[in-house]
Number of protein chains: 2
Amino acid sequence: MARRAATKTPATLSDLDARKATILEAVVNEHIDTAQPVGSSSVASNADLAVSSATVRSEMVALEREGYLIQPHTSSGRLPTEKGYRYFVDHLTSGVLGPAQQLQIKDFFAGVRGEVEDVLEQTSTLLTQLTSYTSVVVGAGHSHSTILSVQLVSLDARHQVLVTVFSDGSVVKHSVVTQFDVTHVDVAEASRQLHALLLGLTIGSRVQVPSRSDHVASLVRESVSLLLAEQPTVEGEQVFIGGSSRVADAFDGVETVRKVLSILEQELLVVSLVQDILDQGLSVAIGSEHGFELLSSCAVIVAPVTIDGEPAGAVGLLGPTRMKYREAMAAAEAVSQQLSHHFTGGE
Amino acid sequence: MARRAATKTPATLSDLDARKATILEAVVNEHIDTAQPVGSSSVASNADLAVSSATVRSEMVALEREGYLIQPHTSSGRLPTEKGYRYFVDHLTSGVLGPAQQLQIKDFFAGVRGEVEDVLEQTSTLLTQLTSYTSVVVGAGHSHSTILSVQLVSLDARHQVLVTVFSDGSVVKHSVVTQFDVTHVDVAEASRQLHALLLGLTIGSRVQVPSRSDHVASLVRESVSLLLAEQPTVEGEQVFIGGSSRVADAFDGVETVRKVLSILEQELLVVSLVQDILDQGLSVAIGSEHGFELLSSCAVIVAPVTIDGEPAGAVGLLGPTRMKYREAMAAAEAVSQQLSHHFTGGE
DNA sequence: GTCTAGCACTCGGTAGAATCGAGTGCTAAC
DNA sequence: GTTAGCACTCGATTCTACCGAGTGCTAGAC
């Protein structure tokens, strides 16, 4: 699934002379603005190259031959191809946010507080407000965190709640149901044993459980298996999606909207999408560059979040391939940095 | 916000003679099927009334005068109005699910297990699969539950996690940040005091906190205020929305899709929407019957979930006003009953 | 009286023709 | 290498005619 762009791009992409590059950039910019095919004359007048439309046209023919542009039909303007967008993005002078947006980010992180989950969720709202695109915030799971505390609480004779606190501050709950009645004393004892047994371990650890057949031992065995059996890779990862209504006006076809929404519904897919892109070392995935067929008309921007230098999640933006890369990338960048700083500095 | 339908309906709605009722029903049924205006001839042939289209026409004129139907323009077929749908729904012979769907529900509840949250989330997926509409599952908050256990866990010198277990099995986490370094001993002592202080209380209770100025007392005060200050009405309520991509094909206009999605994004709104409808004693809210302007082209079906006879949440379905009421209501009904049973019987 | 067959009428939707114009490719001249 | 000029293409728009589904009305049948 991870196969494209990273390998192919450098070789093929950097061989555009200055004028071609300027023209390509102008086409992309205008198309992003207007959503229409771009003609040679508007490029000629628009860009700061002092050449006529005829010259632009012949250059466009070349750009089309090289795969950066396409014509929807003979004698219409040109559109950027995926490759065209890729070149554009790779050669983007990193954008600067407007002062209003900078202020908005600053205010947000100055004022935000509360639980990690709430901060992440509000961050996704912030990103959507900043960019008008659908945003994704992924918080890393606690797979590497150690267990700080384990407690078993009795609801009634056959129902207990297993509460685990991890060193990253996350709390996980498991329901334990027994086939036999247990007393408060049993639960307290099991709780004590579990705490002693699991303290300092991570999810996925193996541990020696008591093999006795009494109630306490059963409780302990059951609890341990519930807790340690979790998939260490994905469990505990948190996804917050903001502004999914924006897909409705980012894409024209109802069918496209449906496809994109159906992906967004599956949080695990979204996590792996973001992770995939990060793994490829990209900050933008355009069209088919990520492996998701259904998102072929989308571009995804990601920016990693770190805590104390350790990867701890990511923020992302999802829009049409003709999204406003410069602004969106700047926003994602700024927010991910602030978020990293927020969690690193002191919560 | 709760004003309509319940009061007005009985007087105005029940005065349709059998033939008008049959015609109205036929119009609604066909429109739901085809999404097109319905003409007199198809009604005449379709329904089991043995009259000509001309007779149907004159009846339709009457139905239009009384507000059950409208003509989009002169000389086209008729559409049901909100009032027409309301009559249709009120006189609906309660539908029966197909055997395949019954089996699907049965299998689902036979196989489902795990945390309450997971069950509710999967239930929303089930509802969407059954009906092809967007589904909503609301789990009641723990506002009336008592506190079973409170525990303060130290992350580092200035960060603690407050973990509270409620009698309904829910677990709530709060982060506590201090301006001063605290020792493990302090935390343990504060934890002990909190447990003693809060055991058996509910959210919103008032409690006497120590007024001393030492670290332990500060920790206790801070924790208590975090925990008890929560809004007892909405906090802790869980919302699971399934199949939001279905709105894309349930409505035609992009603008409508956008509006509906933007509502679904705001979970608190969804909760209050569902709650409103339940409070009105309705099981279906059509068009403007719920107070939400943006959802005026939607119908919402709700069915309450109870645990041991106590209200504990609801399931809902959201679709276009021309949704398949009979099937959708039957599905919501069946699922809510099974869900109630699932949580009542034994988790 | 109630129902229905018949008929003139309305009006949205569709198909085709004409037209427009943005944009192209090509070529000859600079 | 660049550009002005020009014929050409083809989607989009407009206009017209027309079809047909569906209506409302009325006169006659039951």
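This is a predicted model, so every value here is computed, not measured. Order of the sequence lines sets the chain letters (A, B, ...), proteins ahead of strands, with each chain counted from 1. Hydrogens, waters and symmetry mates are skipped; everything else that's a heavy atom, side chains included, is used.
- Of the residues in residues 58-67 of chain B, none has a non-hydrogen atom less than 4.0 angstrom from any atom of DNA chain C.
- Residue B:R78 places at least one side-chain N or O closer than 4.0 Å to OP1 or OP2 of D:dT23.
- Nearest nucleotide to the side chain of B:R57, out of D:dT23, D:dA4, D:dC10: D:dT23.
- For the pair A:S40 and C:dG23, the criterion of a side-chain N or O lying under 4.0 Å from OP1 or OP2 is not met.
- When the P atom of C:dT24 is taken as reference, atom CD1 of A:I70 falls 14 Å away, rounded to whole Å.
- Inter-residue side-chain proximity for B:I301 and B:M323 is flagged as met; some heavy-atom pair is nearer than 4.5 Å.
- One distance of note links NZ of A:K83 with CD1 of A:I286; it measures 13.0 Å at 0.5 Å rounding.
- Counted by atom type alone, A:T131 and A:E327 present zero donor-acceptor pairs between their side chains at under 3.5 Å.
- Below the 3.5 angstrom threshold, one finds a donor paired with an acceptor across the side chain of A:S75 and the base of D:dT9.
- Within 6.0 Å of atom CG in B:D249, more than 12 heavy atoms from other residues, nucleotides or ligands are found, so the atom counts as buried in its surroundings.
- Put simply, B:T74 has a side-chain N or O that comes within less than 4.0 Å of OP1 or OP2 on C:dC11.
- With 3.5 Å as the limit, one finds a donor-acceptor pair spanning the side chains of B:S288 and B:E82.
- Looking at the side chain of B:T55, the nearest of the listed nucleotides C:dC11, D:dG24, C:dT4 is C:dT4.
- Rounded to whole angstrom, the span from the NE2 atom of A:H73 across to the P atom of D:dC10 amounts to 9 Å.
- Checked for salt-bridge contact, A:R86 and A:E289 meet the test: a charged N lies under 4.0 Å from a carboxylate O.
- In terms of phosphate contacts, B:R19 brings no side-chain nitrogen or oxygen within less than 4.0 Å of OP1 or OP2 of C:dT2.
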